[in-house]
Amino acid sequence: MNINYKKYIVMKNKLHTILLLFVCFLSLFACEDINDKHDIYMRDGEELHVGKMDSLYLYPGNLRAQLKCWITDRRSVWLMVQKDNSEEEQWISLPEGNREDSIVVYIEGLDEGSNQLTFMTTNEDKSVFSVPLKQSVTVYGEKFQQGLMQRTVEHVEAAEGFLRISWGPKTTEQLVGEKIYYKDINGKECTHVTSADNNVSVISNVDLSAGMFEYSSLYLPVSTAVDTFAVNKEKVEYTITPRPEGMEKNAIQIAKEIKLGWNLGNSLEVGSGETAWGNPKTTKELITAVKNAGFSAVRIPCIWTAYASNDGTYKIQADRMARVKEVVDYCIDNGLYVILNTMHDWIDKFNYKEYDENKVIEADNKIKIVWGQIADNFNEYGDKLLFAFANECDVPRAAMPVFKRFEQTFVDVVRKSGGNNLYRTLVVQCPMTDIDRAYQYMDLVTDPTPLSLMTEVHYYTPWSFCGVNEGTFFWGEDYKIYGQIEEGYQEDYVCSQFNKVREMFTSKGIPVVLGEFGAQYGNKVKLEDPELQAKAEESRAYFMQYVTEQAKNYGLIPFIWDDGWNFPLMDRRNCKVIETRQMDMDALNKGAEAGVYPF
């Protein structure tokens with residue numbers, strides 16, 4: 001059978017058109033019928049409503065309440081609020097726009113105490129209303145205000161543009177903070193709000209010449225309240241309190257006095273004994289030689305728990321404490337600064353990738369006990385002695401809160417020991433002392449003592465040059481004509497990395513200890529060609545000079561690593577610079593003299 005498909009398609013389209021017209025015709029009559037019935041319903045007394053509010057929440061404030069609700073009917077333009085036993089109506093214009101989100105408005109003029117409220121929404125001409133909703137709310141006012149008291153100020157320290165305010169106990173959960181009024185160093189009126197959970201507030205850049213500040217304690221009646229209540233301002237007078245004798249220098253002043261630092265590596269951090277790893281017992285003559293070589297500070301890595309009781313008290317052996325003190329005294333007697341830390345100890349060895357709360361509590365408790373003993377035993381030492389928390393802790397991003405908790409405990413324990421330790425400069429380590437990890441997720445602790453905190457990073461980049469026996473033998477763009485260098489990790493990389501440190505810390509007034517850096521010498525394979533070997537040694541010296549100079553330029557305090565083995569610099573038995581390392585020593589001094597701290 002032959003079918004004319006063209007005629008078939010035309011006929012099909014006509015049928016569709018006819019059906020569509022028929023449906024529209026029926027709809028027209030149906031709508032007219034509905035409208036007629038609507039009029040009948042209205043004549044019979046039926047009421048027409050706009051949509052009512054959904055999920056209504058009321059939050060108390062100061063003689064007002066915050067209303068949060070959902071009103072999806074776009075015909076609702078006004079909200080009418082009426083208090084029970086009152087004919088007064090409050091009309092609130094509802095916001096236009098997307099009604100898929102909640103609406104937040106404030107109901108003003110309420111009475112202190114309980115208020116029973118009626119809510120209705122209405123259209124633009126207020127002719128059609130929603131079904132009424134009733135809800136009560138308790139708000140606060142003068143009676144609540146009159147019962148509030150200022151939090152006590154127990155102690156104020158004022159020095160070097162800083163205010164350190166110690167607060168009395170938090171007597172109620174309704175106390176949420178303190179608002180402090182002061183003038184900054186430019187004479188500008190400023191305020192500082194601190195949480196009531198903080199026992200100490202520290203404010204910087206304060207004009208201390210006024211000798212006073214004002215404050216108000218802040219209260220929140222209930223946790224859901226939208227307004228805080230402030231006690232009337234109270235004046236507190238103070239006198240400028242200089243640092244105690246022997247502790248006059250803050251972290252920045254100390255940093256500026258350290259030209260160059262040296263590490264007493266592989267000695268006091270050895271758990272099996274000071275000489276177990278091949279170095280001789282440290283003598284005062286050695287430390288004197290260190291000073292004469294050009295160094296102005298010594299970093300003393302130290303293990304403690306290997307010389308402590310294992311009964312849970314972690315009591316450090318008296319002879320161990322005496323020996324560490326003896327070496328510290330060698331340095332201070334020579335006018336050198338000292339950084340005393342914990343190394344190869346429980347904090348470095350803590351498994352930051354697999355742990356539970358019990359292990360965290362155990363390690364944290366050990367910090368309190370061990371560092372408490374160190375702090376007490378060295379409390380009378382002056383500002384030449386700095387405490388550093390740990391060494392290289394392999395902390396991933398996920399464990400940063402745990403590591404910060406440990407470091408905060410360290411700071412708190414030292415500060416609470418009082419005396420000179422209240423002002424002692426403390427050094428906290430970046431995760432793995434790695435610049436990139438620090439830049440990505442370092443979370444710095446809080447120190448109640450102004451200008452008394454430093455951070456620490458290390459630098460052994462590229463490792464193929466700095467740490468591998470064979471690896472690459474040359475460093476610096478000018479030395480690639482003599483052999484392979486690791487592209488991308490030369491001079492520009494040093495500056496880019498140190499600039500991250502400046503951005504994170506030194507630009508904010510926090511000096512940074514470059515606690516370790518260097519290039520392997522002791523076991524580095526020697527090149528067969530004497531001339532190339534000489535260039536390799538010249539290249540190593542250039543690395544020492546460049547890193548030292550740029551470290552200081554970017555606000556890092558350089559400490560060369562000397563372990564007496566792979567990275568030897570000082571001849572510890574003969575108390576002098578190793579003769580074949582004199583070129584490196586000269587380069588270190590040259591870099592230290594050329595570099596200028598940015599603070």
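- Comment: Arg572 engages Asp562 in a salt bridge, judged by a side-chain N to carboxylate O separation of less than 4.0 angstrom.
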Could you go through the side-chain contact (heavy atoms from CB on, under 4.5 Å) check for Leu556 and Val457 one step at a time? CA-CA 9 Å; Leu556 292 83; Val457 296; 3.8 Å; yes
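- With 3.5 Å as the limit, one finds a donor-acceptor pair spanning the side chains of Tyr337 and Glu257.
- With contacts defined as side-chain heavy-atom distances shorter than 4.5 Å, the pair Glu392/Glu516 qualifies.
- Residues Thr506 and Val512 are in side-chain contact: their nearest non-hydrogen atoms beyond the backbone lie under 4.5 Å apart.
- The closest side-chain heavy-atom distance from Leu588 to Ile560 is below 4.5 Å.
- Across all non-hydrogen atoms, the minimal contact from Leu260 to Gly294 is CB-O, 4.2 Å.
- Look at Glu357 and Arg405 and you find a salt bridge, because one of the NZ, NE, NH1 or NH2 atoms lies within 4.0 Å of a carboxylate O, short of that distance.
- When all heavy atoms of Leu422 and Thr449 are compared, the closest pair comes out as O-OG1, 2.6 Å.
- The pair Lys480-Glu477 counts as a salt bridge, with a side-chain nitrogen and a carboxylate oxygen less than 4.0 angstrom apart.
- Under 3.5 Å, the side chains of Gln582 and Asp586 contain a donor-acceptor pair of N or O atoms.
- Taking the six-membered ring for Trp, Phe543 and Phe465 have ring centres closer than 6.0 Å.
- Glu531 and Tyr482 are not linked by any side-chain donor-acceptor pair at a separation below 3.5 angstrom, with hydrogens and angles left out of the test.
- Using a distance-only test at 3.5 Å, with no hydrogens or angles considered, a donor-acceptor pair links the side chain of Asn377 to the main chain of Gln373.
- Side chains of Glu549 and Tyr554: a donor-acceptor N/O pair is absent below 3.5 angstrom, by distance only.
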Evaluation steps, side-chain hydrogen bond (donor to acceptor under 3.5 Å, both in side chains), between Ser452 and Arg243: CA-CA 11 Å; Ser452 297; Arg243 289 173 175 249; 2.9 Å; yes
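- Between Arg540 and Asp584 a salt bridge is recorded (basic side-chain N to carboxylate O distance below 4.0 Å).
- Under the 6.0 Å distance and 45° angle rule, Lys256 does not count as a cation-pi partner of Tyr597.
- With no hydrogens or angles considered, a side-chain donor-acceptor pair links Tyr542 and Glu491 at under 3.5 Å.
- A ring-centre distance under 6.0 Å is found for Trp371 and Phe387.
- Separation of the Phe517 and Tyr460 ring centroids does not fall under the 6.0 Å cut-off.
- In the model, Asn379 has no side-chain atom that pairs as donor or acceptor with a side-chain atom of Asn420 under 3.5 Å.
- Of the possible polar contacts, one joining the Ser417 side chain to the Val414 backbone as a donor-acceptor pair under 3.5 Å is found.
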May I have the list of side-chain donor-acceptor pairs in residues 359-370 shorter than 3.5 Å, sequence neighbours left out?
unit_1: Asp364; atom_1: OD1; unit_2: Thr409; atom_2: OG1; d: 2.7
unit_1: Asp364; atom_1: OD2; unit_2: Thr409; atom_2: OG1; d: 3.4

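- Proximity of a side-chain donor or acceptor of Asn391 to a complementary backbone N or O of Asn341 within less than 3.5 Å is not detected.
- In this structure, Arg415 and Asn421 approach most closely via the heavy-atom pair NH1-O, 2.7 Å.
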I would like to know whether Tyr459 and Phe498 meet ring-ring contact (aromatic ring centres under 6.0 Å, His included); could you show each step before the answer? CA-CA 10 Å; Tyr459 192 83; Phe498 290 175; 5.4 Å; yes
Evaluation steps, side-chain contact (heavy atoms from CB on, under 4.5 Å), between Trp346 and Tyr314: CA-CA 12 Å; Trp346 80 105; Tyr314 309 115; over 6 Å; no
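- Ion pairing between a basic and an acidic side chain is recognised when a charged N comes within 4.0 Å of a carboxylate O; Lys291 and Asp333 show no such pairing.
- Classification of Lys576 and Asp571 as a salt-bridged pair fails, no side-chain N sitting under 4.0 Å from a carboxylate O.
- No side-chain donor-acceptor contact under 3.5 Å links Ser166 and His155.
- In this structure, CG in Asn205 is found 8.0 Å from CG in Asn186, a value given to the nearest 0.5 Å.
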Criterion side-chain hydrogen bond (donor to acceptor under 3.5 Å, both in side chains) on Asn566 and Asn523, from CA distance to verdict: CA-CA 6 Å; Asn566 282 321; Asn523 289 325; 2.6 Å; yes
Steps toward side-chain contact (heavy atoms from CB on, under 4.5 Å) verdict (Asn589, Lys259): CA-CA 9 Å; Asn589 278 317; Lys259 169 194 165 189; 3.1 Å; yes
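- Smallest separation of non-hydrogen atoms from Gln484 and Thr472: O-CB, 3.9 Å.
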One pair to check against side-chain hydrogen bond (donor to acceptor under 3.5 Å, both in side chains): Glu503 and Tyr439. What are the steps and the verdict? CA-CA 9 Å; Glu503 181 182 334; Tyr439 195 71; 3.2 Å; yes
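- Using bins of under 30°, 30° to 60° and over 60° for the plane-to-plane angle, the ring pair Trp304/Phe378 lands in the perpendicular bin.
- By the 30° and 60° cut-offs, the orientation of the rings of Phe350 relative to Tyr352 is perpendicular.
- At distances below 3.5 Å, at least one donor-acceptor pair connects side-chain atoms of Thr283 with backbone N or O atoms of Leu286.
- For the residue pair Gln440 and Asp436, no side-chain donor N or O sits within less than 3.5 Å of a side-chain acceptor on the partner.
- In this structure, the side chain of Asp383 engages the main chain of Lys249 through a donor-acceptor pair within 3.5 Å.
- Ion pairing between Lys524 and Glu470 fails under the 4.0 Å rule for side-chain N and carboxylate O.
- In this structure a side-chain-to-backbone donor-acceptor pair under 3.5 Å is present from Asp311 to Thr313.
- Annotation for Lys552 and Ala592: closest pair NZ-O, 2.8 Å, computed over non-hydrogen atoms.
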Can you list the steps and then say if Glu538 with Lys535 is a salt bridge (Lys or Arg N to Asp or Glu O under 4.0 Å)? CA-CA 5 Å; Glu538 182 183 305; Lys535 285 297 179 183; 3.5 Å; yes
Hey, mind stepping through Tyr493 and Glu487 against side-chain hydrogen bond (donor to acceptor under 3.5 Å, both in side chains) and telling me if it holds? CA-CA 10 Å; Tyr493 186 76; Glu487 297 287 351; over 6 Å; no
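- A distance-only check finds no donor-acceptor pair linking the side chain of Asp394 to the backbone of Met432 [under 3.5 Å].
- Rounded to the nearest 0.5 Å, atoms CD (Glu407) and CZ (Phe410) are 8.5 Å apart.
- Within the 3.5 Å criterion, the main-chain N or O of Gly476 finds a donor-acceptor partner in the side chain of Gln490.
- No donor-acceptor pair under 3.5 Å is formed between the side chain of Ser201 and the backbone N or O of Thr194.
- Counting all heavy atoms, side chain and backbone alike, Ile557 lies closest to Pro511 at CD1-CB, 4.4 Å.
- Evaluation of the side chain to side chain donor-acceptor pair (under 3.5 Å) test over residues 315-332, restricted to residues two or more places apart or in two chains, returns Glu274-Arg323, Arg323-Glu326, Glu326-Tyr330, Asp329-Tyr381.
- Side chain of Glu269 to main chain of Gly265: no donor-acceptor pair is present (N/O by atom type, distance under 3.5 Å, no hydrogens or angles).
- Judged by the 6.0 Å and 45° rule, Lys404 forms no cation-pi pair with Tyr441.
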